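Report on the structure given below.
Below, chain A is the first sequence line, B the second, and so on; all start at residue 1. Keep in mind it's a predicted model, so treat the numbers as computed, not measured.
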Amino acid sequence: MEKKGVKIDPDFLDKKSKEFSLYLEKLEKDIIQLAGEGFNISSPLQLSKILFEKLALPTKGIKKTKNGYSTGQKELEKLKDYHPIIAKIEEFREYSKLKNTYIDALPKLADKNNRIHSTFNQDITSTGRLSSTNPNLQNIPIRSELGRQIRQGFISDNNNVIISADYSQFELRLAAALSNDTGLINSFKNNEDIHSKTASEMFNIPLDEVSKDQRRAAKVINFGVLYGMSAHRLASELGTNYYEAKHFIDNYFNSRKPIADFIQKTLLKAEQEGYVETFYGRQRPTPDIKSSNFIIRETAKRAAANMPIQGTEADLMKRAMIKIHKKITKTGLGDQILQIHDSILIESPKENAAKIAEILKYEMENIAPELPINLKVDINIGQNWLDI
DNA sequence: CGAGTCTGTTTG
DNA sequence: GTATCAAACAGACTCG
């Protein structure tokens, strides 16, 4: 992946850069106007003074940092109704982040063939995942519509296509497998909507009576509570009160006994053995589990509960990548160009795409027959990273 | 002036 | 009373 690199479209990114520049200038003008004086919008310290001293916006419920009131996204959201400058600042942050970190940075790193060669570190993370640096190609935007467009700047070479293979619900499937939660395992086997299923069990109602909000709550819980999300944060994410959130969490663990037991077992191991491990034996030491400091100790517990699942995912991905190298690269069909934790990207001549798709799906879905879970892989094919 | 920290934003 | 895990990076800022 490092040697092959991934091709970008510098003309596309240059065009985007100019668009963004124009709009940022306009935003900056508007913000200065609303503030009544010039200042560096990118400086949280200066911005904080403008918002909370000059404009005297309410500070009730605003988090403090070392240097004053916080201007983070969450805090700005609370101020939105008090002043039109807030929305502009949020927009300024979004556009400048995308321009500075991606649109302008990526073309500088390309070689003469317009390919970017990231470094994939194999000995950095505490769970066994890869990490990507210079540039980090594992955090290219996708969640916001504006940011997602940047993916159009990642393209295949002439006559080639990009093929993506993503594990569906990787984390939850691994949690089900490692805890041997037969109910959850069967739900996956039957291809059920897992968030709706969770909601129906949590709220003790039939599957077809699950409301949109109930499904949304179950989804947040499926991703967060597994690793120790507090009732407090769950309440703020769902917009409900603390007691209801606490009730949700209790219900969740009551209806997912095997997962609750698995977490307990993992924590006990961390305390007694001083480490936790993946299904295949990759270890992470857990010295902080015995810390006398509550915050450090509780943080260590959450990290310990998370590691076997995230780490087993990482083990499986690495095993899959080796298999794919053997079946796809060594046979001359195509090259791996990126790995993003639960997802692999291949570049190949377009006439090989169908064959590669078939190999990817089969090899990745059958990478761990020893685990009591069926893995599911989604394949997409396109000319650029936005279309897949 | 360079190294390191802080704040804030991006991803799985 | 404390509270989701795992990463990288830009720009501002501080320190020696």
Side-chain angles (χ1 to χ4, degrees), chain A residues 39-48 63-76 89-90 92-106 109 118-121 124-144 146-148 150-151 166-172 174-175 220-237 242 245-246 249 252 263 266 276 284 291 293-314 317 338-344 385:
Chain A
F39 71 104
N40 183 351
I41 306 163
S42 299
S43 162
L45 190 60
Q46 294 182 37
L47 180 61
S48 178
K63 255 202 327 215
K64 283 240 190 190
T65 70
K66 220 179 59 177
N67 300 313
Y69 289 104
S70 164
T71 67
Q73 174 68 49
K74 266 182 68 185
E75 312 308 314
L76 291 183
I89 290 164
E90 289 179 328
F92 181 91
R93 286 246 174 95
E94 186 179 14
Y95 275 82
S96 59
K97 171 73 179 179
L98 295 174
K99 180 170 189 291
N100 295 333
T101 308
Y102 305 106
I103 296 172
D104 290 348
L106 292 171
L109 296 168
S118 178
T119 300
F120 289 91
N121 307 111
I124 293 288
T125 68
S126 40
T127 57
R129 278 185 171 181
L130 301 182
S131 79
S132 160
T133 58
N134 194 19
N136 180 359
L137 294 180
Q138 294 180 319
N139 74 344
I140 301 302
I142 190 169
R143 294 178 188 174
S144 86
L146 187 70
R148 182 200 298 259
I150 291 170
R151 294 190 169 217
D166 299 50
Y167 277 112
S168 160
Q169 305 284 13
F170 207 12
E171 202 151 63
L172 281 177
L174 263 293
V220 173
I221 286 173
N222 267 333
F223 284 116
V225 172
L226 192 49
Y227 306 120
M229 182 192 272
S230 65
H232 189 263
R233 171 153 175 186
L234 182 63
S236 94
E237 295 229 348
Y242 177 88
K246 182 163 176 6
I249 293 173
Y252 174 84
I263 292 174
T266 303
V276 291
R284 173 178 183 166
S291 171
N293 180 314
F294 176 89
I295 293 177
I296 291 174
R297 191 171 63 246
E298 293 300 312
T299 302
K301 284 188 190 172
R302 294 191 299 273
N306 172 271
M307 189 272 175
I309 295 169
Q310 189 182 121
T312 302
E313 278 182 84
M317 266 314 260
L338 290 179
Q339 185 256 47
I340 307 130
H341 309 309
D342 64 353
S343 160
I344 291 174
W385 199 2

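At the heavy-atom level, A:Glu237 lies under 4.0 Å from base atoms of the strands shown. No engagement by A:Arg297 is indicated, since no non-hydrogen atom pair under 4.0 Å with the nucleic acid exists. Nucleic acid contact for A:Tyr102: sugar-phosphate only, since backbone atoms but no base atoms lie under 4.0 Å from a heavy atom of the residue. Counting any heavy atom pair closer than 4.0 Å across all strands shown, A:Gln73 reaches sugar-phosphate atoms only and no base atom. Among the heavy atoms of the strands lying under 4.0 Å from A:Ile295 is at least one base atom, whether or not backbone atoms are also near. Using a 4.0 Å heavy-atom criterion, one finds that A:Ile124 contacts the sugar-phosphate atoms exclusively. If you check every strand for non-hydrogen atoms under 4.0 Å, A:Arg143 touches a base. If you check every strand for non-hydrogen atoms under 4.0 Å, A:Ser343 touches nothing. A:Leu130 comes within 4.0 angstrom of no nucleic acid atom, judged by non-hydrogen atoms across all strands.
With sequence neighbours left out, A:Thr127 forms a side chain to side chain donor-acceptor pair (under 3.5 Å) with A:Gln310. Legend: residues meeting side chain to side chain contact (heavy atoms under 4.5 Å, CB included) with A:Ala231, ordered by chain and number and at least two apart, are A:Tyr242, A:Ala245, A:Lys246, A:Ile249. Taking A:Asp104 as the reference, A:Ser17, A:Lys99 meet the side chain to side chain donor-acceptor pair (under 3.5 Å) condition, with sequence neighbours excluded. With sequence neighbours left out, A:Phe92 forms a ring-ring contact (aromatic ring centres under 6.0 Å, His included) with no residue at all. By the side chain to side chain contact (heavy atoms under 4.5 Å, CB included) test, A:Tyr227 is found to be paired with A:Glu171, A:Asn306, A:Ile309, residues two or more places apart in sequence or in another chain being considered. With sequence neighbours left out, A:Ser118 forms a side chain to side chain donor-acceptor pair (under 3.5 Å) with A:Ser132. Taking A:Tyr252 as the reference, nothing meets the ring-ring contact (aromatic ring centres under 6.0 Å, His included) condition, with sequence neighbours excluded. Partners of A:Pro141 under the side chain to side chain contact (heavy atoms under 4.5 Å, CB included) rule, at least two apart in sequence or in another chain, are A:Leu98, A:Tyr102, A:Ile150. The ring-ring contact (aromatic ring centres under 6.0 Å, His included) test applied to A:Phe120 returns no partner, not counting sequence neighbours.
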Nucleotides 2-5 of chain B: which of its N/O atoms have a protein N/O under 3.5 Å away?
none

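For DNA chain C, the residues of residues 303-310 of chain A within the heavy-atom distance limit of 4.0 Å (strictly under) are A:Ala303, A:Asn306, A:Gln310, sorted by number.
By the criterion of a centre-to-centre distance under 5.5 Å and near-parallel planes under 30°, the ring of A:Tyr227 forms no stack with the base of C:dC5.
Residue side chain A:Arg129 reaches the base of B:dG12 through a donor-acceptor N/O pair under 3.5 Å, judged by distance alone.
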B/S/- along nucleotides 9-16 of chain C (protein heavy atoms under 4.0 Å) is BSSSS---
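Per the geometry, CZ belonging to A:Arg93 stands 14 Å off C1' belonging to B:dT10, to the nearest Å.
Under the 4.5 Å side-chain criterion, counting only non-hydrogen atoms from C-beta, A:Gln339 is in contact with A:Met317.
Both the sub-6.0 Å distance and the 45° axial angle are satisfied by A:Lys64 relative to the ring of A:Tyr69.
Considering OG of A:Ser42 and CD1 of A:Ile89, their distance stands at 11.0 Å, rounded to 0.5 Å.
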